[in-house]
Amino acid sequence: MTDTMLPRPTSRRAGSPARRGSVFVALLRSPVGLAGILLLAICLLATVFGPMLYRVDPIEIVGRPLLPPGAPGAPPLGTDEVGRDLLAGLLNGGRVTLLVGVAAAALSTLIGVVIGGLAGYLGGWIDSALMRFTEFFQVLPILLFAMVLVTLFQPSVGMLSFAIGIVAWPGTARITRAEFMRIRTLDYVRAARAIGTKNLRIMLRLVLPNALPPIIVISTLVVGSAMLFESGLSFLGLGAPGTVSWGTMLGDNRDKLAIAWWTVTLPGAAIFLAVVSISLIGDGLNDALNPKRRKR
């Protein structure tokens with residue numbers, strides 16, 4: 001059966017070009033969403049192009065330890081406890097933190113959509129079994145579980161992304177399940193089943209595109225949570241060896257807060273701004289993808 005024979009919903013799908021354009025315009029018109037986009041753009045520009053313009057090795061010792069910003073002979077933002085350039089660390093460390101956040105969110109979204117979609121669409125014993133599996137992960141101490149995974153295997157950026165993504169999917173799964181359960185009862189889905197369309201085609205072509213708005217919102221928020229998770233693991237000394245991230249900068253200098261505030265405050269502020277920007281974009285997307293809230 002060709003795709004043109006499938007029944008179509010009467011409203012525009014979330015993935016259509018017109019729909020995407022209207023959502024983006026609504027996001028830009030939202031003060032919260034626009035503020036989040038601007039903050040995230042600053043973070044991305046600094047971490048992507050900053051190391052190209054400021055060519056200093058973040059691991060190299062460039063001066064005396066704990067030089068404050070503006071001190072004679074000090075780098076622009078000072079040095080840390082061993083004399084490394086803090087500005088170079090911020091610019092290069094943001095790449096690791098942002099990359100882990102996006103990769104972990106992508107993995108958790110994939111797992112959550114697959115499990116939640118199967119449970120919500122198929123129902124019955126499959127739904128019960130998958131939801132018990134989801135509840136098992138929900139009651140686990142996720143930080144401890146991620147620490148065990150990172151410790152058992154060689155710590156790396158990929159391992160950090162995997163460990164965070166493998167524990168962050170239950171929320172996405174529950175949202176996806178609820179949307180699939182709602183959409184599977186609509187007329188166009190029933191019509192597709194009545195003409196003999198296979199379940200997998202219905203799920204991918206009809207149900208999933210219309211379940212995307214809340215999934216997109218929660219996936220955006222998972223990026224911020226994953227960044228905090230990565231920072232926490234790196235703070236505890238479980239970051240990727242040989243790499244600099246905002247979390248490792250916090251962990252390396254945490255005992256110097258009383259005498260060298262800049263070594264902890266600056267990477268902490270970077271994490272705060274990045275996570276806040278993701279949260280603001282999530283709130284803006286929630287307004288843009290929710291027709292009732294967009295009409296207000």
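In this chain, numbering begins with 1 at the start of the sequence shown. Note that the structure is a prediction, hence the values are computed from the model and not measured.
Annotation: the span from Ile111 atom CD1 to Thr176 atom OG1 amounts to 12.0 Å, rounded to 0.5 Å. To the nearest 0.5 Å, atoms CG (Leu250) and CG (Leu236) are separated by 11.0 Å. In this structure, the separation between CD1 on Ile215 and OG1 on Thr220 is 11.5 Å, given to the nearest 0.5 Å. Of the inter-residue distances, the one linking Leu228 atom CG with Leu233 atom CG reads 11.0 Å to the nearest 0.5 angstrom. How far CD1 of Ile175 is from CD1 of Ile218: 5.0 Å, rounded to the nearest 0.5 Å. For the atom pair CG of Leu91 and SG of Cys43, the computed distance is 11.0 Å after rounding to the nearest 0.5 Å.
Taking Arg182 as the reference, Glu179 meet the side-chain hydrogen bond (donor to acceptor under 3.5 Å, both in side chains) condition, with sequence neighbours excluded. Scanning for salt bridge (charged side-chain N to carboxylate O under 4.0 Å, His left out) contacts around Glu135 gives Arg132, Arg174, with sequence neighbours left out.
Shown here for Phe229 and Ala146, the closest heavy-atom pair between the two residues is CE2-CB, 3.9 Å. The two residues Gly89 and Val244 have their closest heavy-atom pair at O-CG1, 3.9 Å. Here the closest non-hydrogen pair linking Ala46 and Pro51 is O-CD, 3.6 Å. For the pair Leu66 and Trp262, the tightest heavy-atom approach, listed with the atom from each and the gap, is O-CZ2, 3.2 Å. Shortest non-hydrogen contact noted between Ile202 and Val189 is CG2-CG1, 3.8 Å. Between Ser219 and Ala105, the shortest heavy-atom distance links the atoms O-CB, 4.0 Å.
The other residues sharing a hydrophobic cluster with Leu45 are Val48, Phe49, Met52, where clustering joins ILVMFWY side chains under 4.5 Å apart. Grouping Ile, Leu, Val, Met, Phe, Trp and Tyr residues whose side-chain heavy atoms lie under 4.5 Å apart, directly or via other members, places Phe272 in a hydrophobic cluster with Val32, Leu39, Leu273, Val276, Leu280.
Remark: the backbone N or O of Gly94 is not paired with any side-chain donor or acceptor of Thr97 at under 3.5 angstrom. Judged purely by atom type and a 3.5 angstrom limit, Ser234 uses its side chain to pair as donor or acceptor with the backbone of Glu230. Put simply, the side chain of Thr79 gets close to the backbone of Leu67: a donor and an acceptor are under 3.5 Å apart. Between the Thr265 side chain and the Trp261 main chain, a donor and an acceptor come within less than 3.5 Å of each other. Side chain of Ser108 to backbone of Gly165: no donor-acceptor contact under 3.5 angstrom is found. With hydrogens and angles disregarded, a donor-acceptor distance shorter than 3.5 Å links the side chain of Arg190 to the backbone of Thr185. A distance-only check finds a donor-acceptor pair linking the side chain of Asn92 to the backbone of Ala88 [under 3.5 Å]. When atom types are taken as modelled, the side chain of Thr151 and the backbone of Met147 share a donor-acceptor pair closer than 3.5 angstrom.
Looking at heavy atoms from C-beta onward, Ile183 lies in side-chain contact with Tyr188 at the 4.5 angstrom threshold. You'll find the side chain of Ile166 reaches within 4.5 Å of the side chain of Leu149, heavy atoms only. Within the 4.5 Å cutoff, the side chain of Thr248 has no heavy atoms near those of the Phe235 side chain. Pro76 is not listed as a side-chain neighbour of Pro69, based on a closest heavy-atom distance of 4.5 Å or more. Side-chain contact between Met227 and Val223: present, with at least one pair of heavy atoms (C-beta onward) separated by less than 4.5 Å. The closest side-chain heavy-atom distance from Leu140 to Val167 is not below 4.5 Å. Under the 4.5 Å side-chain criterion, counting only non-hydrogen atoms from C-beta, Thr109 is not in contact with Val222. The shortest distance between side-chain heavy atoms of Leu90 and Met249 falls below 4.5 Å.
The salt bridge (charged side-chain N to carboxylate O under 4.0 Å, His left out) pairs that include a residue from residues 81-99 are Asp80-Arg84, Glu81-Lys256, Arg84-Asp252, where partners are two or more places apart or lie in different chains.
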- Message: Show, in sequence, the C-alpha distance, side-chain angles and deciding distance for Phe162 and Phe153, and conclude whether the side chain to side chain contact (heavy atoms under 4.5 Å, CB included) test is met.
- Response: CA-CA 11 Å; Phe162 176 79; Phe153 303 95; over 6 Å; no
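Taking the six-membered ring for Trp and thresholds of 30 and 60 degrees, Trp169 and Phe133 have nearly parallel ring planes, at less than 30 degrees apart.
Criterion: ILVMFWY side-chain heavy atoms under 4.5 Å apart, direct or through other members. Under it, Leu40 and Ile42 are not part of a common hydrophobic cluster. Under a hydrophobic clustering in which Ile, Leu, Val, Met, Phe, Trp and Tyr are joined whenever their side-chain heavy atoms come within less than 4.5 Å, directly or via other members, Val82 and Leu257 fall into different clusters. With hydrophobic clusters built from ILVMFWY side chains whose heavy atoms lie under 4.5 angstrom apart, Val157 shares a cluster with Trp246. Both Ile142 and Leu107 belong to a common hydrophobic cluster when Ile, Leu, Val, Met, Phe, Trp and Tyr are linked at side-chain heavy-atom distances under 4.5 angstrom. Ile164 and Val139 sit in two unconnected hydrophobic clusters of ILVMFWY residues. Membership requires side-chain heavy atoms under 4.5 Å apart, directly or through other members.
The neighbour count for Arg193 CZ, taken as heavy atoms of other residues, nucleotides or ligands under 6.0 Å away, is above 12.
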Which donor-acceptor pairs under 3.5 Å do the side chains of residues 116-126 make with protein atoms, sequence neighbours left out?
| from | atom 1 | to | atom 2 | distance (Å) |
| --- | --- | --- | --- | --- |
| Tyr121 | OH | Asn199 | OD1 | 3.0 |

